Number of protein chains: 2
Amino acid sequence: MFDILHKLGIQSTSVDDVYQSLTTREGLSGWWANDTHGKCNVGDVIQFRFKLKDRTANIDMKVLDLEPAKKVLWQVVDGPKEWIGTQVSWQLSQEDSWTIVLFKHQGWQEPVEFMHHCSTKWAIFLLSLKLLHETGKGTPNPKDYKLESWE
Amino acid sequence: MFDILHKLGIQSTSVDDVYQSLTTREGLSGWWANDTHGKCNVGDVIQFRFKLKDRTANIDMKVLDLEPAKKVLWQVVDGPKEWIGTQVSWQLSQEDSWTIVLFKHQGWQEPVEFMHHCSTKWAIFLLSLKLLHETGKGTPNPKDYKLESWE
């Protein structure tokens, strides 16, 4: 199994605010997919839709675990075939004036080129989450940083 | 062993130009460390220096392999203790109007938090490399995107 790992600090004194951005439709649409549907409680499936060049990409995440201001765990139940069954975990903590985000997209079967792509892409979205909290405006959706011709 | 993986396309018709940015002091200083020293041929050690908040971080890379417009392989010979002995590999290819960069920082002993940090940081520098070629100006050095308080 192979994992995508990221970590970044957000200049914010409210770990709760960042937690809200991972656990509400409004929050998620502000930094990841602005076309986000569904409820975000444990057991719910959140539906993310991304418009690509010639199709819409669907990602459905089942919420497996939530610990307010500390932890979010999703399982991919629909999406790119390489994503099915993988998990996305978020750990939050507060260090002085920084909210620290520890991110894992874990359980890839093989380190395929698409995994390399998704690693870079997750970093871009994490920076979007950072921007959302530091400036009030994120940069959701792939078109904001086109990494490949098919996006 | 654990690897950081990234992939991105640069809107450029010249894979040679991107190769130059990985194999010349001028190129490297335009997107990674503007304080870069040393020669860049096979067997040489390239010295990268980053000014952090209260110290200078050194990274020394020995060039292990070069294939013009295709491949660059470095071994870390000095730097953060978790980096010593790891390798950084670059594979380049051209797909229509895109130069594709496949990046690996491979051979980490453990998936420590610092590895998560470096994964996000490499993505930022890869985006800097992309900007350099797409706009003529990269964003070298950590201060351009401060991810943690110690940077």
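Nothing here was measured: the structure is a model prediction, and the numbers come from that model. Below, each value reflects all heavy atoms present in this structure, side chains not excepted, and no hydrogens, waters or symmetry copies. Numbered from 1 within each chain, the chains take letters A, B, ... in sequence-line order.
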Quick one: [atom1] on [X] to [atom2] on [Y], what's the gap to the nearest 0.5 Å?
{"X": "S149(B)", "Y": "I100(A)", "atom1": "OG", "atom2": "CD1", "answer": "6.5 Å"}
{"X": "E95(A)", "Y": "W150(B)", "atom1": "CD", "atom2": "CH2", "answer": "11.5 Å"}
{"X": "I10(B)", "Y": "E148(A)", "atom1": "CD1", "atom2": "CD", "answer": "11.5 Å"}
{"X": "S119(A)", "Y": "W122(B)", "atom1": "OG", "atom2": "CH2", "answer": "13.0 Å"}

Answer with side chain, backbone, both or neither: which region of [X] has an atom nearer than 4.5 Å to a non-hydrogen atom of chain B?
{"X": "K121(A)", "result": "neither"}
{"X": "L8(A)", "result": "both"}
{"X": "F114(A)", "result": "neither"}

Check the hydrophobic clustering (I, L, V, M, F, W, Y; side-chain heavy atoms under 4.5 Å; chains of links allowed) and say if [X] and [Y] are grouped together.
{"X": "I124(A)", "Y": "L22(A)", "value": "yes"}
{"X": "L52(A)", "Y": "F48(A)", "value": "yes"}
{"X": "L73(B)", "Y": "V101(B)", "value": "no"}
{"X": "L102(B)", "Y": "V72(B)", "value": "no"}
{"X": "F2(B)", "Y": "V112(B)", "value": "yes"}

TODO: Measure K130(B) against the heavy atoms of chain A and call it side chain, backbone, both or neither at under 4.5 Å.
DONE: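 Only the side chain of K130(B) comes within 4.5 Å of chain A.
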Side-chain contact, heavy-atom cut-off 4.5 Å: [X] with [Y]?
{"X": "I4(B)", "Y": "I4(A)", "value": "no"}
{"X": "K104(B)", "Y": "H116(A)", "value": "yes"}
{"X": "L5(A)", "Y": "T120(B)", "value": "no"}
{"X": "E113(B)", "Y": "K7(A)", "value": "yes"}

Open item on the list: Is it true that, when you exclude N41(B) itself, more than 12 heavy atoms of the residues, nucleotides or ligands shown sit nearer than 6.0 Å to its CG?
Closed with: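 Counting neighbours around CG of N41(B), more than 12 heavy atoms of other residues, nucleotides or ligands fall under 6.0 Å, so yes.
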Task: Heavy-atom neighbours of E67(A) CD exceed 12 at 6.0 Å - done: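 More than 12 within 6.0 Å, yes.
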